[in-house]
Each structure stands twice: as structure tokens, then as C-alpha cells.
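Values reported hereafter were calculated over all heavy atoms of this structure, with side chains retained and with hydrogens, waters and symmetry mates removed.
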Amino acid sequence: MKFEIITLFEDIIKGYCAQSIIKRAVDENLIKVNTINPRDFTEDKHKKVDAPPYGGTAGMVLQCQPIFDAYESIEKEDDFEFIMLTPQGEKFNQKIAVELASKKQIIMLCGHYEGFDERIRIGLKPREISIGDYVLTGGELPALCLLDSISRNIKGVLGKEDSAEYDSFSEGIEGILEHPHYTRPREYRGMKVPEVLLNGNHAEIEKWRKEQRIVRTKQRRKDLLEKDKNI
């Protein structure tokens, strides 16, 4: 899987990818992460990539030319997806993460300032994705959220093949919240590990975990249960 991220702030992306699971995935050549800076493509001698909006309003808008040229500089795989990170897009979820994990290449465009010249949408026709109903300074954090979430669904990235299956929202557990976890010690400040997790009966453990997933989802996200009438 190749991730190509068009961003003005490459160090944000590179810093995250030098840590933890994503670093290991890069080191093991399971994923590749490249950054493309629109400033390297601008025709402005001062390396500016933004300008005031026509019609007048506060802030600056990313210009077409540097973005188009940055995008067109990327060598495209046969099966790729081009994504614009924007609060106006469809809301990202686990289903989309699994879908995108089947692609050979993900190209992501990070916005900044007051947004994009509309002709970037019209001319490049990206898939627009949002990570939630709030506004951030730029698209780098959303891009990293997608990179991390998608990568977890690529074979070999996680230590155990079933690790992603048991994450919250995964289809393998009816798309609901994850069950509670416990580790050593067995008792801490009067709080004990449930006995069912200690008896070695895997059928009972799995039954308990499923019950806990349903209980936790009813308490915290009832809307998820409405999507699955079998629960």
C-alpha cells in the first residue's frame, strides 16, 4: 500500500510515521508513505501557495496551480483513491477504512487556511472525507487518522491477524464497541479481574466478551445497536 500525502507541513506526517506500529509497517515494507509539498510546484518566486478569496472575506485560500501540479506529479497505481480531507466530506468510519485498505494507493490532500479554490474539487474530483463535525487548523491530523486506521486493516501490519477484527466498530464483532480488557496483576486496589477470564474456557470467555460488547454499546452508543437488528 502506498500513501501519498500532499501537505505543506511534511514534518507532521514524517514524525508520526517514525513511531510505533506505523514505523514498523514502513520498515517491513508493508506500507510506503510519501509526502508531496505544493510549495515545490508553485510558480510564485516567494513559494506562496495561497491568495485572498475573490469576493472578499477573512483568510486565505489554497490556489489551484500548485495543487494540480503536485497531484499530477504523482505516479498513479492502477487501483488508487484520491481523497480530499475536508469537514464537508462524508464521515469516516471503520467500513470506509476496510474498503480503502484494499486499494494499492491512497492519495490524500491536506487543506490549510480557509480552504481550497473550488476548482480543485471540480477539476480533480477527489473523494471528500471528514473525520468529524469540527474544524481543525489543517488536514494533516485527519490524514494521519486515515493512514493509521487504514493501515491496521492491511495484512501483516498488526502483530496478530485477528487484532483488527476485535477493534471497536469492526464488522467482525457486529460493528459495535470493544469489550473490556484486563492484564496483570489479578487484583489492584480491590479491583479484581473477572473470574471468567482466568478459567481457560475459551467458549465462556468469548460469550462473556460478546455480552460485554453489547452492554458497553447500550450504555455508550445505542445508535450502533440500531444498525444491527440481530443484537
Side-chain angles (χ1 to χ4, degrees), residues 1-42 49 62-112 115-132 136 138-158 161 164 167 169-171:
M1 164 75 78
K2 292 182 180 178
F3 291 93
E4 318 277 357
I5 303 178
I6 303 171
T7 171
L8 297 171
F9 299 94
E10 297 175 89
D11 288 346
I12 296 175
I13 307 299
K14 292 176 180 177
Y16 187 84
C17 293
Q19 308 291 329
S20 190
I21 290 173
I22 299 301
K23 179 182 186 301
R24 188 174 68 228
V26 171
D27 290 345
E28 295 179 0
N29 206 31
L30 296 170
I31 65 171
K32 292 184 178 180
V33 183
N34 300 314
T35 56
I36 302 94
N37 195 326
R39 294 191 194 280
D40 295 333
F41 298 88
T42 182
V49 295
L62 286 170
Q63 297 172 289
C64 296
Q65 177 271 314
I67 302 298
F68 270 74
D69 287 0
Y71 173 76
E72 290 168 354
S73 74
I74 300 169
E75 184 176 348
K76 313 298 191 301
E77 297 289 336
D78 293 337
D79 185 17
F80 77 94
E81 186 92 49
F82 177 39
I83 295 169
M84 173 189 284
L85 286 316
T86 167
Q88 300 178 26
E90 62 183 303
K91 193 172 292 186
F92 185 68
N93 57 30
Q94 183 68 13
K95 183 177 180 181
I96 296 174
V98 172
E99 172 200 339
L100 293 176
S102 67
K103 301 288 183 180
K104 292 182 180 178
Q105 183 183 39
I106 304 292
I107 302 171
M108 289 188 274
L109 173 59
C110 301
H112 224 75
F116 304 94
D117 186 304
E118 187 65 19
R119 289 166 293 186
I120 296 170
R121 286 186 169 93
I122 296 169
L124 298 182
K125 298 179 174 59
R127 178 177 182 176
E128 299 184 41
I129 289 181
S130 166
I131 63 167
L136 296 169
E140 286 73 23
L141 290 178
L144 288 173
C145 286
L146 266 67
L147 185 156
D148 191 300
S149 183
I150 294 166
S151 295
R152 292 176 61 85
N153 294 282
I154 296 171
K155 186 176 181 180
V157 169
L158 298 182
E161 292 304 319
D167 286 344
F169 313 112
S170 294
E171 293 300 319

[X] side chain near [Y] side chain, heavy-atom distance below 4.5 Å:
| X | Y | result |
| --- | --- | --- |
| Cys17 | Leu147 | yes |
| Ile150 | Ile31 | no |
| Leu109 | Leu124 | no |

Would you please name every residue forming a side chain to side chain donor-acceptor pair (under 3.5 Å) with [X], sequence neighbours left out?
| X | result |
| --- | --- |
| Glu140 | Thr7 |
| Glu75 | none |
| Thr42 | none |
| Asn93 | none |

By side chain to side chain contact (heavy atoms under 4.5 Å, CB included) - contacts of [X] (at least two apart):
| X | value |
| --- | --- |
| Pro38 | Ile6, Leu8, Val49, Pro66, Ile67 |
| Ser102 | none |
| Asp40 | Asn37 |

**OP:** For the pair Arg24 (side chain) and Val157 (backbone), establish whether a donor and an acceptor sit closer than 3.5 Å, ignoring hydrogens and angles.
**Re:**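 Answer holds: yes.
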
Please name the pair of heavy atoms, one in [X] and one in [Y], separated by the smallest distance, quoted to 0.1 Å.
| X | Y | result |
| --- | --- | --- |
| Met1 | Leu100 | CE-O, 3.3 Å |
| Phe116 | Gly111 | CZ-CA, 3.2 Å |
| Gly139 | Leu85 | O-CG, 4.1 Å |
| Phe41 | Ile36 | CE1-CG2, 3.5 Å |
| Ala97 | Asn153 | CB-ND2, 4.0 Å |
| Leu62 | Cys110 | CD1-O, 4.3 Å |

Original post:
How would you list all residue pairs meeting salt bridge (Lys or Arg N to Asp or Glu O under 4.0 Å) that involve residues 25-37, not counting sequence neighbours?
Top reply: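 Listed by first then second residue: Lys23-Asp27.
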
Original post:
Do any pairs count as a salt bridge (Lys or Arg N to Asp or Glu O under 4.0 Å) and have a residue in residues 76-91, sequence neighbours left out, and if so which ones?
Top reply: Lys2-Glu77, Asp79-Lys103, Glu81-Lys103, Glu81-Arg127, Glu90-Arg127, Lys91-Asp133

Original post:
Passes side chain to side chain contact (heavy atoms under 4.5 Å, CB included), Ile74 versus Ile107? Steps please.
Top reply: CA-CA 9 Å; Ile74 300 169; Ile107 302 171; 3.8 Å; yes

Subject >> ring pair (Phe, Tyr, Trp, His ring centres under 6.0 Å) partners of residues 75-102, not counting sequence neighbours, each pair once >> reply: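 Sorted pair list: Tyr71-Phe82.
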
Original post:
Can you pull the side chain to side chain donor-acceptor pair (under 3.5 Å) pairs that have at least one residue in residues 11-22, sequence neighbours excluded?
Top reply: Tyr16-Asp148

Original post:
Could you go step by step and tell me if Leu144 and Ile12 meet the side chain to side chain contact (heavy atoms under 4.5 Å, CB included) rule?
Top reply: CA-CA 9 Å; Leu144 288 173; Ile12 296 175; 4.1 Å; yes

**OP:** Identify, with sequence neighbours excluded, every residue that meets ring-ring contact (aromatic ring centres under 6.0 Å, His included) alongside Phe9.
**Re:** His112

Original post:
Can Leu141 and Ile131 be said to form a side chain to side chain contact (heavy atoms under 4.5 Å, CB included), step by step?
Top reply: CA-CA 9 Å; Leu141 290 178; Ile131 63 167; 5.6 Å; no

Original post:
Just checking, is any N or O donor in the side chain of Gln63 or Asp117 under 3.5 Å from an acceptor N or O on the other one?
Top reply: no

